**Q** 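Attaching a single structure in structure tokens format; questions to follow.
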There are 2 protein chains.
Amino acid sequence: MLTKRPDMAAMPEAPRGARDLLYLREAEIRLAQDLLFFGYRGFTQRPDRLLEELDMGRAHHRVLHFVGRRPGITVGDLLAILDITKQSLGRVLQPMIAEGYVTQAAGRSDKRQRLLSLTEKGAALERRLYDAQRDVIMQAYREAGPQAVDGFRRVMRGLMGEAAREEIDRLEKGTP
Amino acid sequence: MLTKRPDMAAMPEAPRGARDLLYLREAEIRLAQDLLFFGYRGFTQRPDRLLEELDMGRAHHRVLHFVGRRPGITVGDLLAILDITKQSLGRVLQPMIAEGYVTQAAGRSDKRQRLLSLTEKGAALERRLYDAQRDVIMQAYREAGPQAVDGFRRVMRGLMGEAAREEIDRLEKGTP
DNA sequence: GCGTTTGGTCAGCATGATTGACATATCCCT
DNA sequence: AGGGATATGTCAATCATGCTGACCAAACGC
């Protein structure tokens, strides 16, 4: 498949140069795939190592992160953010409650709700994970420069769906 | 933990404004975490759906991608890129060979090596996955603009380790 | 009072990762 | 030619994280 390239058949009479543009575009997209794969791995590597020592995984980190980000979040909202099933969350969340990383409190207006928050212990662990990840991000931001950071943000926002974009805006503001 | 913020104790006599800067920096890092989580999910979502229909997972996609990117790659090099164990790769790779997505050929200089390449069938599937992912990336790139794309690349490179950065350079050139 | 919503829980399954141990073929150096 | 190192494959067992379907309990709200 070394000689087969995209959309060639679809442009049998493409103008001179169009073929080269397609090659260029493909190289650009392939590079993006590689960057996302290796970059995301670099981003998760250090927290993963810390979590391993505590017999936890990335799922636990996500709970710590989003509960810390939005204290008093309901189980339902957390499920919507993580986009996993109630059962999958339960298996991670219940042990975290039992071991005192997360607390539940009945909602004041709706008593069915279990509002989730981090305990001191949970917040301390979250901060350790945050610090590890912060170092990696700060380093990348410093090397790249502020303008690059802005570009990074724009592209990442574009990669996610509309729902996730709204979720991010909500997280940035507080809890509207 | 709503009132506890980073490094406060470490800067008891910080100048006016330093405290605000720390708040700002934390918000920046938290945003980066959210962007990477939701962005990466958006990036993998469409291929994941296609793969599901064929009873494959993300691991299969990674093999198709990197073998397609570097035809004739050795098992060892692929392992180094994916950073998984031989056994983990074997469970994904062997069925793909059996079902005719990937072929093996003995290395000409070193006959121990099994040089991996995509078959027509494998390349066709890889292209379907690529096309799905390309649409998402192109959309994000178009919305963000070329300058943002450059910034995105810089930051993502910064997030990965030195080894991954070299690997990306190697992939971009060909197979040095 | 009754249907709906929120949350928890049970049993079972798939995927993709892990480790340790061992086998085979080939390479390369002495 | 011998022998250690290298490249790959394979066995068995385990773990983490996702899934489904079914069902229950409590509280809401009309």
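Reminder, nothing fancy here: chain letters follow the sequence lines and each chain counts from 1. What you are looking at is a predicted structure, and each value in this text was computed from that prediction instead of being measured.
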**Q** Using a 4.0 Å heavy-atom cut-off, does A:Gly90 contact any base of the nucleic acid, only the sugar-phosphate backbone, or nothing at all?
**A**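 The answer is nothing, as A:Gly90 stays clear of every strand by at least 4.0 Å.
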
**Q** Could you give the CE-to-C1' distance, from A:Met96 to D:dA16, as a whole number of Å?
**A** 14 Å

**Q** Going by side-chain hydrogen bond (donor to acceptor under 3.5 Å, both in side chains), name the residues that satisfy it together with B:Arg157, two or more places apart in sequence or in a different chain.
**A** B:Asp169

**Q** For the helix from C:dG1-D:dC30 to C:dT30-D:dA1, what is the angle between the axes at its two ends, each from 5 pairs, rounded to 10°?
**A**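 End axes: 30° apart.
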
**Q** To the nearest Å, how far apart are B:Gln104 CD and D:dT8 P?
**A**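 The answer, rounded to whole Å, is 10 Å.
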
**Q** So do the side chains of A:Phe43 and A:Ile137 get within less than 4.5 Å of each other, counting heavy atoms only?
**A**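 Counting from C-beta outward, A:Phe43 and A:Ile137 do come under 4.5 Å.
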
**Q** Using modelled atom types and a 3.5 Å cut-off, is there a donor and acceptor pairing between side-chain atoms of B:Thr74 and backbone atoms of B:Gln113?
**A**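 Answer holds: no.
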
**Q** How close or far is atom C1' of D:dT17 from atom CG of B:Asp48, stated in whole angstroms?
**A** 14 Å

**Q** One thing to verify: whether B:Arg69 and B:Glu126 come together as a salt bridge, which I'm taking to mean a side-chain N less than 4.0 angstrom from a carboxylate O.
**A** no

**Q** Going by the ring pair (Phe, Tyr, Trp, His ring centres under 6.0 Å) test, which pairs reach into residues 64-92 of chain B, not counting sequence neighbours?
**A**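 As it turns out, the ring pair (Phe, Tyr, Trp, His ring centres under 6.0 Å) pairs with a partner in residues 64-92 of chain B, which skip direct neighbours, are A:Phe37-B:Phe66, A:Phe38-B:Phe66.
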
**Q** Find the distance A:Gln94:CD to D:dT17:P and express it as a whole number of Å.
**A** 15 Å

**Q** May I have the distance from B:Arg49 (atom CZ) to D:dG18 (atom C1'), rounded to whole angstrom?
**A** 17 Å

**Q** Using the six-membered ring wherever Trp is involved, compare the ring planes of B:Phe152 and B:Tyr141 and label them parallel, tilted or perpendicular (cut-offs 30° and 60°).
**A**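 Correct class here is perpendicular.
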
**Q** Using a strict 4.0 Å threshold on nitrogen-to-oxygen distance, state whether B:Arg30 and B:Asp34 make a salt bridge.
**A** no

**Q** Below 3.5 Å is the cut-off: list the nitrogen or oxygen pairs between protein and nucleotides 25-30 of chain D, distance only.
**A**
| unit_1 | atom_1 | unit_2 | atom_2 | d |
| --- | --- | --- | --- | --- |
| D:dC28 | OP1 | A:Lys111 | N | 3.0 |

**Q** Looking at A:Arg46, is its backbone amide N or carbonyl O close enough to the side chain of A:Gln133 to form a donor-acceptor pair, meaning the two atoms are under 3.5 Å apart?
**A**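 No.
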
**Q** Reading DNA chain C from 5' to 3', where do the contacts with chain A start and stop? Cut-off is 4.0 Å to heavy atoms.
**A**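 Range of nucleotides within reach of chain A: C:dT5 to C:dC10.
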
**Q** Pairs in or reaching into residues 35-44 of chain A: which pass side-chain hydrogen bond (donor to acceptor under 3.5 Å, both in side chains), with residues at least two apart or in two chains?
**A**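 Checked against side-chain hydrogen bond (donor to acceptor under 3.5 Å, both in side chains) - neighbours excluded - the pairs reaching residues 35-44 of chain A are A:Thr44-A:Arg58.
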
**Q** Using a strict cut-off of less than 4.0 Å between a Lys/Arg side-chain nitrogen and an Asp/Glu carboxylate oxygen, indicate whether B:Asp131 and B:Arg134 qualify as a salt bridge.
**A**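 Answer for the salt bridge query: yes.
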
**Q** Please report, rounded to the nearest Å, how far the P atom of D:dG9 is from the CG atom of B:Leu89.
**A** 8 Å

**Q** What is the distance from CG of A:Leu93 to P of D:dG18, rounded to the nearest Å?
**A**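 Rounded to the whole Å, the gap is 12 Å.
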
**Q** Strictly below 4.0 Å, N to O, side chains only: are A:Arg142 and B:Glu28 in salt-bridge contact?
**A** no

**Q** By a strict heavy-atom criterion of less than 4.0 Å, which residues belonging to residues 57-67 of chain A are in contact with DNA chain D?
**A**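 Heavy-atom cutoff 4.0 Å gives A:Gly57, A:Arg58, A:Ala59, A:His60, A:Arg62.
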
**Q** Grab the CG-C1' distance between B:Asp77 and D:dT6 for me, whole Å please.
**A** 13 Å

**Q** Using a cut-off of under 3.5 Å, enumerate the N/O to N/O pairs linking the protein to nucleotides 19-21 of chain D.
**A**
| unit_1 | atom_1 | unit_2 | atom_2 | d |
| --- | --- | --- | --- | --- |
| D:dC19 | OP2 | A:Thr85 | N | 2.7 |
| D:dC19 | OP2 | A:Thr85 | OG1 | 3.0 |
| D:dC19 | OP2 | A:Ser88 | OG | 3.0 |
| D:dG21 | O6 | A:Gln87 | NE2 | 3.0 |

**Q** side-chain hydrogen bond (donor to acceptor under 3.5 Å, both in side chains) with B:Glu167: which residues, sequence neighbours excluded?
**A**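 B:Glu167: side-chain hydrogen bond (donor to acceptor under 3.5 Å, both in side chains) contacts with B:Arg70, B:Arg170.
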
**Q** Excluding sequence neighbours, so at least two apart, what forms side-chain hydrogen bond (donor to acceptor under 3.5 Å, both in side chains) with B:Arg62?
**A**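 side-chain hydrogen bond (donor to acceptor under 3.5 Å, both in side chains) check on B:Arg62 returns nothing, list empty.
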
**Q** For B:Asp135, enumerate each residue passing the side-chain hydrogen bond (donor to acceptor under 3.5 Å, both in side chains) test, keeping only those at least two apart in sequence or located in another chain.
**A**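 B:Asp135: no side-chain hydrogen bond (donor to acceptor under 3.5 Å, both in side chains) contacts found.
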
**Q** Salt bridge between A:Arg49 and A:Glu52, side-chain N to carboxylate O under 4.0 Å?
**A**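 No.
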
**Q** Please list all pairs passing the side-chain hydrogen bond (donor to acceptor under 3.5 Å, both in side chains) test where one or both residues lie in residues 90-104 of chain B, with sequence neighbours left out.
**A**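 The answer is none; no pair qualifies.
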
